[in-house]
Amino acid sequence: MPEPSSYEARGAVAGTGMGGTMDLAAGEAATLERVPGGPAGGGPDSRPRSLGSDAWRDLRRNPVFLLSALVILFLVFISLWPSAITSGNPLDCDLAKAQDGSSPGHPFGFDGQGCDVYTRTVYGARTSVTVGVCATLGVALLGSVLGGLAGFFGGAWDGVLSRITDVFFAIPVVLGGLVLLSVVTSNTVWPVIGFMVLLGWPQISRIARGSVITARQNDYVQAARALGASPARLLLRHIAPNAVAPVIVVATIALGTYISLEATLSYLGVGLKPPSVSWGIDISAASPYIRNAPHALLWPSGALAVTVLAFIMLGDAVRDALDPKLR
């Protein structure tokens, strides 16, 4: 009796699942012997990536994201440790040096009160970053919760929230700031942050509501509901992770808007007030001396423009990475 071939000995004759057998070619027999999870069996290299990991891979290859992220990291660094790049005090002023140009140790010159423009520009980043980050977190949290609940439950809650957001959308932001902040005597950033959260949450709320309404209609949500998942589990485990991307994109872009809004309100005299250090305050103080000392206006204005542009560029890069239609 002839010896079986090596492939026959290793199972080259496979069952058909109906009691019969069929002959396999050598390559097919070898394929069946591959261990699941190997290079061709759905191992780590062939595992499907999530939206977050896919977006992070795209962001790391995007030069716009890398450039804006470096600028923002530098701003965060000098906001936390301004003494690392300047040894001066932003409140130390010498009227004898008012409107003087750059000099050794004072590369940006002096403003109309004799304060070092470089030191005040560095310390002004702390105010802008604090206001922008805190206002964005507050707006995103409040707007996401209210909009998400309205989109998920619908009914009367959705109708009431929609009418409330219409009322807030009708309030001009700058005019509202002039009215509301003019009666505030506190000299901290928190009244400004509270005002931004008060008028900023409706935009995030509408975006979150629309995303939740779209996500709750997907098949996996309906399947989880049919299996008896509670509303809290449906919202937190199945809907929220798939509806949060538009909120992140809008919040990232809005962060730069809140920084410019703080500077605008401080310029108008209803935001932060002296002795607080803010780019808006410095721009307002330097405006009357624009002909004699343009440097006092140039540097805080330039810092504000670069900061806002960096956050807007970051938001655009995040939007492109999270939008599946652009893949």
Side-chain angles (χ1 to χ4, degrees), residues 55-92 102-111 115-140 188-189 192-193 196 248-267 271-272 276-283 285-286 294-322:
W56 175 239
R57 185 194 63 175
D58 292 344
L59 288 174
R60 287 181 298 176
R61 301 176 179 178
N62 190 342
V64 174
F65 170 78
L66 296 177
L67 178 61
S68 59
L70 287 176
V71 174
I72 292 172
L73 288 176
F74 176 73
L75 291 170
V76 173
F77 174 76
I78 65 176
S79 300
L80 297 175
W81 300 284
S83 58
I85 62 173
T86 179
S87 58
N89 187 333
L91 300 180
D92 287 344
S102 60
S103 60
H106 307 281
F108 293 176
F110 298 87
D111 62 10
C115 304
D116 184 21
V117 177
Y118 172 75
T119 302
R120 291 187 64 85
T121 301
V122 171
Y123 275 86
R126 172 181 294 178
T127 300
S128 296
V129 171
T130 301
V131 170
V133 171
C134 292
T136 301
L137 291 177
V139 167
T188 63
V189 299
V192 179
I193 294 174
M196 293 181 182
I248 294 176
V249 171
V250 175
T252 306
I253 297 176
L255 201 155
T257 304
Y258 295 140
I259 292 176
S260 62
L261 178 59
E262 179 274 323
T264 301
L265 295 175
S266 298
Y267 178 86
L272 297 178
S276 297
V277 181
S278 168
W279 290 334
I281 294 176
D282 291 348
I283 294 173
H295 59 272
L297 179 65
L298 173 64
W299 293 110
S301 301
L304 176 63
V306 169
T307 301
V308 174
L309 180 61
F311 280 106
I312 292 177
M313 291 170 56
L314 181 71
D316 288 340
V318 172
R319 179 199 59 196
D320 295 342
L322 291 178

Return the [atom1] to [atom2] distance between [X] and [Y], rounded to the nearest 0.5 Å.
{"X": "Thr136", "Y": "Ile259", "atom1": "OG1", "atom2": "CD1", "answer": "7.5 Å"}
{"X": "Leu314", "Y": "Leu309", "atom1": "CG", "atom2": "CG", "answer": "11.0 Å"}
{"X": "Ser128", "Y": "Leu255", "atom1": "OG", "atom2": "CG", "answer": "10.5 Å"}
{"X": "Asp111", "Y": "Ile283", "atom1": "CG", "atom2": "CD1", "answer": "12.5 Å"}
{"X": "Leu66", "Y": "Arg60", "atom1": "CG", "atom2": "CZ", "answer": "10.0 Å"}

Could you report the tightest heavy-atom contact between [X] and [Y], atom names first, then the distance?
{"X": "Thr121", "Y": "Phe108", "answer": "OG1-CD1, 4.2 Å"}
{"X": "Ser102", "Y": "Pro107", "answer": "CB-O, 3.0 Å"}
{"X": "Ala140", "Y": "Ala251", "answer": "CB-CB, 4.3 Å"}
{"X": "Val308", "Y": "Gly256", "answer": "CG2-O, 3.6 Å"}
{"X": "Cys134", "Y": "Ile193", "answer": "CB-CD1, 3.6 Å"}

| request: Can you run down the side chain to side chain donor-acceptor pair (under 3.5 Å) pairs that involve residues 248-266, sequence neighbours left out, and say none if there aren't any? | output: Glu262-Ser266, Glu262-Ser278
| Those residues that, when tested against Asp282, pass salt bridge (Lys or Arg N to Asp or Glu O under 4.0 Å) (two or more places apart) | Arg120
| task | Could you list the residues that satisfy side chain to side chain donor-acceptor pair (under 3.5 Å) with Ser87, not counting sequence neighbours? | result |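 Side chain to side chain donor-acceptor pair (under 3.5 Å) check on Ser87 returns nothing, list empty.
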| Test side chain to side chain donor-acceptor pair (under 3.5 Å) applied to Thr127 - qualifying residues, sequence neighbours left out |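 Per chain and number, Thr127 pairs via side chain to side chain donor-acceptor pair (under 3.5 Å) with no residue.
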Could you pull out all donor-acceptor pairs under 3.5 Å where a side-chain atom in residues 299-307 meets a protein atom, sequence neighbours excluded?
unit_1, atom_1, unit_2, atom_2, d
Ser301, OG, Leu297, O, 2.6
Thr307, OG1, Ala303, O, 2.8

Throw together a table of side-chain donor-acceptor distances under 3.5 angstrom for residues 67-76, partners on residues two or more places apart or in other chains.
unit_1, atom_1, unit_2, atom_2, d
Ser68, OG, Val64, O, 2.9
Ser68, OG, Phe65, O, 3.0

| query | Passes side chain to side chain contact (heavy atoms under 4.5 Å, CB included), Asp58 versus Asp320? Steps please. | reply | CA-CA 9 Å; Asp58 292 344; Asp320 295 342; over 6 Å; no
| query | So do Val189 and Leu272 actually touch side chain to side chain, heavy atoms under 4.5 Å? | reply | yes
| side chain to side chain contact (heavy atoms under 4.5 Å, CB included) against Ile253, all qualifying residues, sequence neighbours excluded |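 Side chain to side chain contact (heavy atoms under 4.5 Å, CB included) list for Ile253, sorted by chain: Val249, Asp316.
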| remark: Sorted by chain and number, sequence neighbours left out, side chain to side chain contact (heavy atoms under 4.5 Å, CB included) with Thr86 holds for Tyr118, Thr119, Val122, Tyr123
| Partner set under ring pair (Phe, Tyr, Trp, His ring centres under 6.0 Å) for Phe110, not counting sequence neighbours |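 His106.
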| request: Please identify each residue that fulfils ring pair (Phe, Tyr, Trp, His ring centres under 6.0 Å) with Phe77, with sequence neighbours left out. | output: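 By the ring pair (Phe, Tyr, Trp, His ring centres under 6.0 Å) rule, Phe77 matches Trp81.
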